[in-house]
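Notes follow the structure.
Ligands are counted one by one from 1 in listed order, and the atoms in each one are counted from 1 as well.
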Amino acid sequence: MTAELTFTTTRSEAPMSAAEREAVLANPGFGSTFTDHMVTATWTKGEGWHTGEVRPFGPLQISPAASVLHYAQEVFEGMKAYRHEDGTVWTFRPDRNAARMARSCERLALPVLSEEDFIGGIKALVEVDQAWVPAYGSGEMSLYLRPFMFASEAFLGVRPANEVTFSVIASPAGAYFPGGLKPVNLWLSRDYARAGAGGTGAAKCGGNYASSLAGQLEGIEHGCDQVVFLDSSTQTYIEELGGMNLFFVTKDGRLRTPALTGSILEGVTRSSILELAPDLGLTPDESRIEIDEWTQGVASGEITEVFACGTAAVVTPVGELRWDGGSTASTAGEGGGEYTRRIRQALLDIQYGVAEDTRGWMTRLA
Ligand SMILES: *Cc1c(COP(=O)(O)O)cnc(C)c1O
């Protein structure tokens, strides 16, 4: 596939002042402040992709009949732009995100955007808003990038939309753990599934998140931060969290993660950790993992560390797993286990240009 889009730029007439921007960057939080611009492009049946624009950030005009609002024909991606010490701006494995979005689009019957146009849109936005990428050495800060695509056609009939909008927005993100790595406790959901066989679990789509929220609320009621979902058919095998993949370090030096079954989202962080594992002396192992292996493995000492991973939090140590009527002992002290910390640091060092990028994972954006 080749590029179909070119992006014209209309600069904001009211960008945030440098002083205001610096005030936001001093304490950005997550996902609540956005840069001065956004990217939009339109696909129409018969014409393909056109009207690529970088334009002032602001509300999109869509009809109340836009299909996405009724039938959730939507996909998204999550990436980050990192500032390196020499001031340049980079992102991590964008080809993986482009390929995953193409797979998500196929599942949701949306038009595929080429890797060139996907990365082109991100580059166009970051070029204009590069002052929003936090300074190097600001403590794991980055500019979070959110590409997404949705059915914007005003039509209530049920079929794939004939008009679709692609957009990229960007939001400065602070360190996920400003006070140092803190283990999260996880709730084992027995009442709810996020995905099932033949469903959309392997696609990054808003609907999966909507269906994870009731389980998330149940977890919060039980004092947990996140929810673990099991396979919906047998309630036996560990799948993942609402938005993160899971890993287990074993006493005999294996790094285990549930094999992709079609209902698990293939995280870019997950794939990268599997590739890095041998460098850290761990043997990667993708296989089906029963929930009993977790609870019994923690009790017997077979499992020494558990962590979750994804672009937003990178690697998060997991403390206890709790369920109706019980819990495991914690598998993480205050800063997380040794391998959890080493894997996390190895990824961050590549992302921030501290370690040499021997695998060609980084792409320069500005
Ligand atoms: C996005 C996502 C992940 C993590 O993927 P990364 O590419 O590592 O950010 C894991 N699980 C789900 C359900 C997700 O939506």
Judging by distance only, is a nitrogen or oxygen of Val268 under 3.5 angstrom from one on ligand 1? yes
Among Leu246, Asn245, Val249, whose side-chain contact (heavy atoms from CB on, under 4.5 Å) with Phe307 holds? Val249
Is the closest heavy-atom distance from Arg96 to ligand 1 below 4.0 Å? no
Do the charged groups of Glu266 and Arg270 touch, with an N to O distance under 4.0 Å? no
Under 3.5 Å, N or O to N or O, is Glu240 touching ligand 1 that way? yes
So is Arg100 in contact with ligand 1, going by heavy-atom distances below 4.0 Å? yes
Is it true that the side chains of Ser171 and Arg146 contain a donor and an acceptor less than 3.5 Å apart? no
Less than 6.0 Å separating the ring centroids of Phe30 and Tyr144? yes
Tell me, which protein residue and heavy-atom name are nearest atom 9 (O) of ligand 1, and how many Å apart are they? Thr311 OG1, 2.6 Å
Could you tell me which atoms of ligand 1, counted from 1 in the order shown, lie closer than 4.0 angstrom to a heavy atom of Asn245? 10 (C)
Going by atom types only, do Gln345 and Asp349 share a side-chain donor-acceptor pair under 3.5 Å? yes
Does Gly243 come within less than 4.0 Å of ligand 1, judged by its heavy atoms? yes
Using distance alone, determine whether Tyr209 and ligand 1 share an N or O pair under 3.5 Å. yes
Can you tell me which residue and heavy atom of the protein come closest to atom 2 (C) of ligand 1, and the distance to 0.1 Å? Lys204 NZ, 2.5 Å
If you measure every N/O of Thr269 against every N/O of ligand 1, is any gap under 3.5 Å? yes
Could you tell me whether the side chains of Thr236 and Glu290 share a donor-acceptor contact shorter than 3.5 Å? no
Look at ligand 1 and say whether Ser212 reaches it with a heavy atom at a distance under 4.0 Å. no
Verdict with reasoning, Trp294 to Phe248, per ring-ring contact (aromatic ring centres under 6.0 Å, His included): CA-CA 8 Å; Trp294 185 347; Phe248 302 85; 4.9 Å; yes
Please tell me if the side chains of Asp95 and Arg93 come closer than 4.5 Å, counting only heavy atoms from C-beta onward. yes
Decide whether Glu305 and Thr340 meet the rule of one side-chain donor and one side-chain acceptor closer than 3.5 Å. yes
Output the list of atoms in ligand 1 that are nearer than 4.0 Å to some heavy atom of Gly242, sorted by atom number. 13 (C)
Give me the residue, atom name and distance of the protein heavy atom closest to atom 5 (O) of ligand 1. Gly267 CA, 3.3 Å
